[in-house]
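What follows is a single structure, written as C-alpha cells, with notes after it.
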Protein chains: 4
Amino acid sequence: MNRFGNLFQVMVYGESHQKAIGVVVDGVPAGIQFDYDLIKSDLDKRRPGAVGTTPRIEKDEFEVTSGIFNGYTTGSPIHIMIENKDVQSKDYSNLVYHPRPGHADFVAYKKYHGFNDYRGGGRFSGRVTAALVAAGSIAKMFLPFKFTHQLIQIGTLTDLSKMDEYLEKIGNDKDSVGGIVEITVKDIPVGLGEPFFQKIESVLGSMLFSIPAVKGVAFGVGFDGVNMLGSEFNDVILDDTGKTKTNNSGGISGGITNGNDLVIKVFVKPTSSIRKPQETFNRKSKETQTLEIQGRHDVAIVRRVGIVLENAVAIGLADLYLINKAYE
Amino acid sequence: MNRFGNLFQVMVYGESHQKAIGVVVDGVPAGIQFDYDLIKSDLDKRRPGAVGTTPRIEKDEFEVTSGIFNGYTTGSPIHIMIENKDVQSKDYSNLVYHPRPGHADFVAYKKYHGFNDYRGGGRFSGRVTAALVAAGSIAKMFLPFKFTHQLIQIGTLTDLSKMDEYLEKIGNDKDSVGGIVEITVKDIPVGLGEPFFQKIESVLGSMLFSIPAVKGVAFGVGFDGVNMLGSEFNDVILDDTGKTKTNNSGGISGGITNGNDLVIKVFVKPTSSIRKPQETFNRKSKETQTLEIQGRHDVAIVRRVGIVLENAVAIGLADLYLINKAYE
Amino acid sequence: MNRFGNLFQVMVYGESHQKAIGVVVDGVPAGIQFDYDLIKSDLDKRRPGAVGTTPRIEKDEFEVTSGIFNGYTTGSPIHIMIENKDVQSKDYSNLVYHPRPGHADFVAYKKYHGFNDYRGGGRFSGRVTAALVAAGSIAKMFLPFKFTHQLIQIGTLTDLSKMDEYLEKIGNDKDSVGGIVEITVKDIPVGLGEPFFQKIESVLGSMLFSIPAVKGVAFGVGFDGVNMLGSEFNDVILDDTGKTKTNNSGGISGGITNGNDLVIKVFVKPTSSIRKPQETFNRKSKETQTLEIQGRHDVAIVRRVGIVLENAVAIGLADLYLINKAYE
Amino acid sequence: MNRFGNLFQVMVYGESHQKAIGVVVDGVPAGIQFDYDLIKSDLDKRRPGAVGTTPRIEKDEFEVTSGIFNGYTTGSPIHIMIENKDVQSKDYSNLVYHPRPGHADFVAYKKYHGFNDYRGGGRFSGRVTAALVAAGSIAKMFLPFKFTHQLIQIGTLTDLSKMDEYLEKIGNDKDSVGGIVEITVKDIPVGLGEPFFQKIESVLGSMLFSIPAVKGVAFGVGFDGVNMLGSEFNDVILDDTGKTKTNNSGGISGGITNGNDLVIKVFVKPTSSIRKPQETFNRKSKETQTLEIQGRHDVAIVRRVGIVLENAVAIGLADLYLINKAYE
C-alpha cells in the first residue's frame, strides 16, 4: 500500500526513528542524466530553518545505491536511502497511552495491534516525505515541464510579507497554524491523464492526500468557483493550442490536461503538535488528562511542505506522461 | 485506466451514445444477499426530474449477467449493464471543430487522434456515472456503515429552501451553477486506510475526482480550517472508542479512520453546457466564433450528483474494508 | 483478481450457466480498425466439432457494446459480451455433495462457503475462455507479429495423422487424454519484457496458467533442455539483428525478447470429465461412492484449446508491447 | 515492473556491481516475530561452496533499516539491503560489443539504448535473487506451511549420489549443465488462489519465471502427464479434508489449493557462462568471433537456486494467503 504508479512506480519505506527512510523509484527511462544537485536542493527546500519551523534539523544526506551508471540512469530501479541521524532517544512510550490529538497515535495503536513504532510518529511522521521529495526530483529530471509552488495563505494571514512576525506570535502562544499552497506546472502538453479513474485530478489528488496534514485539494479556482455562474466559470478556448482566456479549471478539461498551466490548491491543516496543554483521553487511567507535548515541532509545517507537494505532483505527472507516450 | 481497487475492483466501460454502459465489480465476498432494489433506488436518485435537471430521462434499466446465484453473490465478478436508450441521434459532429468550453471535446480530439466518439460527450459524459452508482450499491450491500449525502450550497445559495426558485432563474438566464455536497459515513470502525499512498483521503480523493465536474475535495472542515489555530483544529479524544469532542478532521487521523463520522466536502463546478451563446475557437475556420449549445442539459448537475459521490465513497471504503480484514 | 495487465488491461467475467460471459478490454490504442471477422474466426477455432470434442455447441455470437465508433477503436474500454444460449438446465446439484475428481467442485464449495454457482463448473468452466479469445483477437488487431499454434502431442500420440482414430478409441473407452501445444510468434522485435517480475516468461506464464487444464509451461526446448550441456544450449548470436543459430531459449534472453521466434510449449492435462465411473468421496454420505459424470464433454479439450493459448499470448504481449513503447 | 503482489508486495532493486541490492517488503502483518536467523540461513543456502558452484563468495550480510520494532514487525514496509562487496573491478566493457550467448548482454544494450550497467550482468545478474530470498524468508515467518525443495535431476544425471563427480567432469570440460528442482509445500489449506488470473499456477508461475535461468514450470506430474489417461490423471477425493489418492495435479484444482501437498517442478537451464570458447557475433567488428568468458561462474547454478525457488513460492503464497483472509 506504500506504492504508487503504473509505469513510473514509487515505493517508500521508513519510520521516523529507525535506521533509515528511503524510496525505490522504478520505470525511470534509461539514459537520463542523473542530477544529484537537484535532489540535494529539493531536499534543502524541505529542511527547516525559517521562523516557525522545527529545530530538528536532519542533514538529509542521501545515498543512491542502484540504477545509475556513469552518471546516467540505467533503466533499473533507483534506490535512494536517507539515514535518520538526529534522532533524540527520549521516551515516547507515554504517547501509546496518552495519544496526541490530531495525531495517528491512537489509530496506529489500534490498527497495528500495539506493534507500531510510535517513536516520533513512526510511519506517520512527516519525516517520510523526504523520500518522496527525492522521488519527485527524479521525475523532474526527465519531465519537460516547469514546476513552482507558493504559499498563498498562512493561518488568517494573506499578506505574507508579515509572515515571520505572525508565526513568532503564534509560536509564543504555544499554538500552530495551517495554510494554503498553490502549485503551478507550466509547459504541459494537451492530453495527459486517463479517463476514468486516472484523471489528472484523481492521480494528483491521490498523491497529494498521501502527504501528512493535507486535508483539501482543489484545481483552478477551487471551492471559490461555487459562487460563479457557468458562463463565468467556462474557460473559453482561444486558439488551436488550446489556450484559454481564463483558467478557472486549472488547466484540465474532462480530467485531461488542456495545454494551459496546471494550477492546484492544497490545504494543509495546522500542525497537530502544539506545546499548549490539551485535555485528552488517557488509555491507561481511562480518564481525560492534560497532555503537554514535548519535542521539537513546526509552528507552521505548511512553510516547509511546498516542495513536498510540488514533487508529489511531479511523481503523478511522470506516470501519466509515460502512459501517454505509449499511445502517441 | 478505467479500473479501481486492490481487492474490491471496479472496471467501468461505456460511452454516452453507444449501445450500453456498464461495470464489472470483482472481489465481492460470496454469500451476500443481492439487493436489486437498492441498485434501482440508488439509480433513481441520480435520475433527473427536479427543477434544474436535464430533460434527457433514461430509465436506467440494468441487467445483471453474472455473479449472482439463487439471490446471493457467488464470489465471481458481477457484471451490470445499462443500455443507452434515450439517445437522440442529432448531429454532434460540429463539436469536433467547434469544441465546447469547459468540456472535453478539444482534449479528447487531440488525445485520441480524432477517433474518440464525440456524441454526447462520449466517454466523458456524466452518463457513465450510472455504472459507478450501481457498483457503489453493491459495496453498500456488505459494508456495515451508514451513508448519507446532502447539498450544502448551490451557486451562491446556502438557504436551500429557495433552491427551485433560484435554479429556475438561472435556467431562464440560460446559465448554470455548481455547488458543494457533503457526504457522511457513520458507524465506521477505527483502522480503515493504509499509509502511505492508500490513506482514506487518497483513496476517496482519487475516487471522487474521477467523477465529472468534481474540482475540489476536502475532509472535515476542509479549506475553512485555514483560519483555525492548532488548538482549535485538533480533535480532542474523549474515550477508548476514539470518539472526539470536535470532528474537524472529518473522522480521519494520519489517513486512518478514527471511529468518528467520516465527513467529506466535494465541490462540483457549474455545468459546462449552457444555452447562453459563448465565443470560442473554431478549429475549422481558425477563428473565434459564437457557439450555441443545443441538446438537453442540467442547470445544476450538482443536484443529481450526490448519490454518485456517496456511492463512489462506498466503493473506496469497500476496498479498504476488505484490505483491513486481511490483517485483523 | 479477474484482471490482467498494466496498460493493455483485460477483465473477464461470467459463469457457465448464467446469462452471459464477457470481457472488458482497456488500453487499446485509438484508431485501430476493428476486425469483427477476426474475433469471429478465432472464436470459431475454439468451437467444437472435430472428433474428440464436446457436443455442446455454442454459437458464440458476440456483441460489442462500447469502444468502437465508425469502425475504429475510440481509445475507450471495449466491452464484448457472449450470451450463454445452449445451457442444459439439468440438475447439477449432486456435484455439490459428490465432487468430480480433477474438477474445482470441491474447492469452490469450500472457498465460497457454498455460494458458488456450481452449474456446469460455474466460474471454473472452460466456457469463460471464449471471452479471453475475443480479448486476444483485439490484441492481434494492432500487434505487428504473426501468431500460430500447433498440437505436437496428444496423449501418447506424436504422429498426429492418426489423431481421429486415436481419440475415437479413447472416447469409446469413456476416457480422455491431454496434450502439448506449441505456440510460435514471429516478427517480434528485440526488447519486449521487463525485468524483474514482468519478464516475457513471467507475463506469458501467468497468462497461460490462467487457462483451465494448463499444468505446464516451458519456453524453447523446455524441460528437454535438462539433457543438454551449456555449450549445446546457448544460442550463438549471428548478426546485429540478434538472430541466433539455434533457438533453444525460445526467443528470450534474460526475460527479454531477443529478435528470434518466440516458442512456447504448453501442457494441457487430460479432460477431467470422463464418462468412466470413478470412486470418489461423497460429502453427504461421508463415504467413497461411484460417480458417473453425465453431460457433454471433450475427450481431448487440448484439441480446441490452441487458439485460447495463442490469444492469451497475444494479450500478454500487447501489454509488454505498449509498455515498451513508453520507453522508446 | 520490479514489483509483485496485491497485499504482500515485494519490490526488488539492485545491479550486480553497484553499491547494493535490496528489497522492500510491504503488507507484512504487524506483530510477527522477526527471525533474523531464518534470513541468514536461507541466504546461506544460496551461497556457493559446493562442487560446481562459483568461487565468487559474497558474505550476504544484510541490513534491515525499517519495519521492525522491539523484535516484531510494525506493519510498515520492511527494507532489507545487501551490499555488493566482493566485486571484481575487471573490465566488462567488451561484452557490450561481444555479447555472451545465452545472456542478456545483447538485449539489454538494445532495450536500454546502451545505458544499462553491463558489469557482471547488471540487473540481469543472478545476484539480485539474494534479495528475493530475504523477502521469501519474511513470508515464511508468518505462513503456517512447511516448505522444502530438492534437486531431482542435474544434467543427464538422476542418481544424485554421483553429483560431485559428475559436475567436476563437466567443469573440467569448461562446460555447464542445468537441472530440475521440485518444490513441495505441506500443511496448506483448501482455498488459496483466485480465479481467473490469480490462480495458484498463475501466481507461482509468474514468480518462478522471474528467476534467471528458469525456462519451465509445471505442477504435479508436469509434462509427463501427457502420457496418462484422464482416468489415471484424475486425483480421486478420499475424505472431507480433500485428501486425494494420487496427487498428479500437484495439490491444485481449478487453480485453487485442494488441501494436498503443493508440488512444483522447475527446469533451470544450463549456466550460460561457460569457459569453453564460443563463436558469436561481435557488434564492433560486425563479424562472428571467438569469445572466451573469464570471471567466476557456476558449472551448475541449479545447485544453488533451490532456496531461491522455494522462497519465491513463499512470496506468491503469502499474497494469496492474505487475500484469502480478507474473504474468510
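Numbered from 1 within each chain, the chains take letters A, B, ... in sequence-line order.
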Grab the two heavy atoms, one from [X] and one from [Y], that are nearest each other, plus how far apart they are.
X: A/F124; Y: B/I256; value: CE2-CG1, 3.8 Å
X: B/F267; Y: A/G222; value: CE2-O, 3.0 Å
X: B/D175; Y: A/G230; value: OD1-N, 3.2 Å
X: B/T241; Y: A/F106; value: C-CZ, 3.9 Å
X: A/P101; Y: B/V236; value: CB-CA, 4.2 Å

Looking at [options], which has the largest count of heavy-atom pairs under 4.5 Å with chain A?
options: B/V177, B/N324, B/D239; answer: B/D239
options: B/G220, B/G102, B/G225, B/G179; answer: B/G225
options: B/K286, B/H103, B/K269; answer: B/K269
options: B/Q153, B/R283, B/R100; answer: B/Q153
options: B/M207, B/Q278, B/R3; answer: B/R3

Does atom NZ of B/K325 have more than 12 heavy-atom neighbours from other groups under 6.0 Å away?
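Check passes, neighbour count above 12.
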
Around A/K276, counting heavy atoms of other residues, nucleotides and ligands shown, do more than 12 lie under 6.0 Å from its NZ?
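Counting neighbours around NZ of A/K276, more than 12 heavy atoms of other residues, nucleotides or ligands fall under 6.0 Å, so yes.
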
Of the backbone (N, CA, C, O) and the side chain (C-beta and beyond), which part of [X] lies under 4.5 Å from a heavy atom of chain A, both, or neither?
X: B/T288; result: side chain
X: B/I200; result: neither
X: B/F4; result: both
X: B/V302; result: neither
X: B/V107; result: both
X: B/E279; result: backbone
X: B/I180; result: both

Is [X] close to chain B through its backbone or its side chain, or both, or neither, when contacts mean heavy atoms under 4.5 Å?
X: A/T244; answer: neither
X: A/V217; answer: both
X: A/E287; answer: neither
X: A/P189; answer: neither
X: A/Y112; answer: side chain
X: A/V203; answer: neither
X: A/I170; answer: side chain
X: A/L132; answer: side chain
X: A/F219; answer: both

Against chain B, work out which of [options] has the most heavy-atom pairs shorter than 4.5 Å and name it.
options: A/V226, A/L204, A/D173; value: A/V226
options: A/I274, A/D240, A/V128; value: A/D240
options: A/H113, A/K245, A/E232; value: A/H113
options: A/A218, A/S176, A/A104, A/S202; value: A/S202
options: A/G178, A/G205, A/S249, A/G259; value: A/S249

Taking A/T156's backbone N and O only, do any of them form a donor-acceptor pair with B/N227's side chain (distance below 3.5 Å, no angle check)?
no

Below 30° counts as parallel, above 60° as perpendicular, anything between as tilted: where do the rings of B/F223 and A/F223 land?
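Rings of B/F223 and A/F223: tilted, as their planes differ by 30° to 60°.
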
Roughly how far apart are [X] [atom1] and [Y] [atom2], rounded to 0.5 Å?
X: B/L291; Y: A/N234; atom1: CG; atom2: CG; result: 10.0 Å
X: A/T271; Y: B/L229; atom1: OG1; atom2: CG; result: 11.0 Å
X: A/S206; Y: B/L208; atom1: OG; atom2: CG; result: 12.0 Å
X: A/K110; Y: B/T257; atom1: NZ; atom2: OG1; result: 11.5 Å
X: A/L238; Y: B/F281; atom1: CG; atom2: CZ; result: 9.5 Å

Only pairs at least two apart or in different chains count here, so list each salt bridge (Lys or Arg N to Asp or Glu O under 4.0 Å) that has a residue in residues 209-225 of chain B.
A/E201-B/K215

Side-chain polar contacts of residues 191-199 of chain A - donor-acceptor pairs under 3.5 angstrom, sequence neighbours left out - could you list them?
unit_1: A/E194; atom_1: OE2; unit_2: B/K111; atom_2: NZ; d: 2.9
unit_1: A/Q198; atom_1: OE1; unit_2: A/N6; atom_2: ND2; d: 3.3
unit_1: A/K199; atom_1: NZ; unit_2: B/S210; atom_2: O; d: 2.6

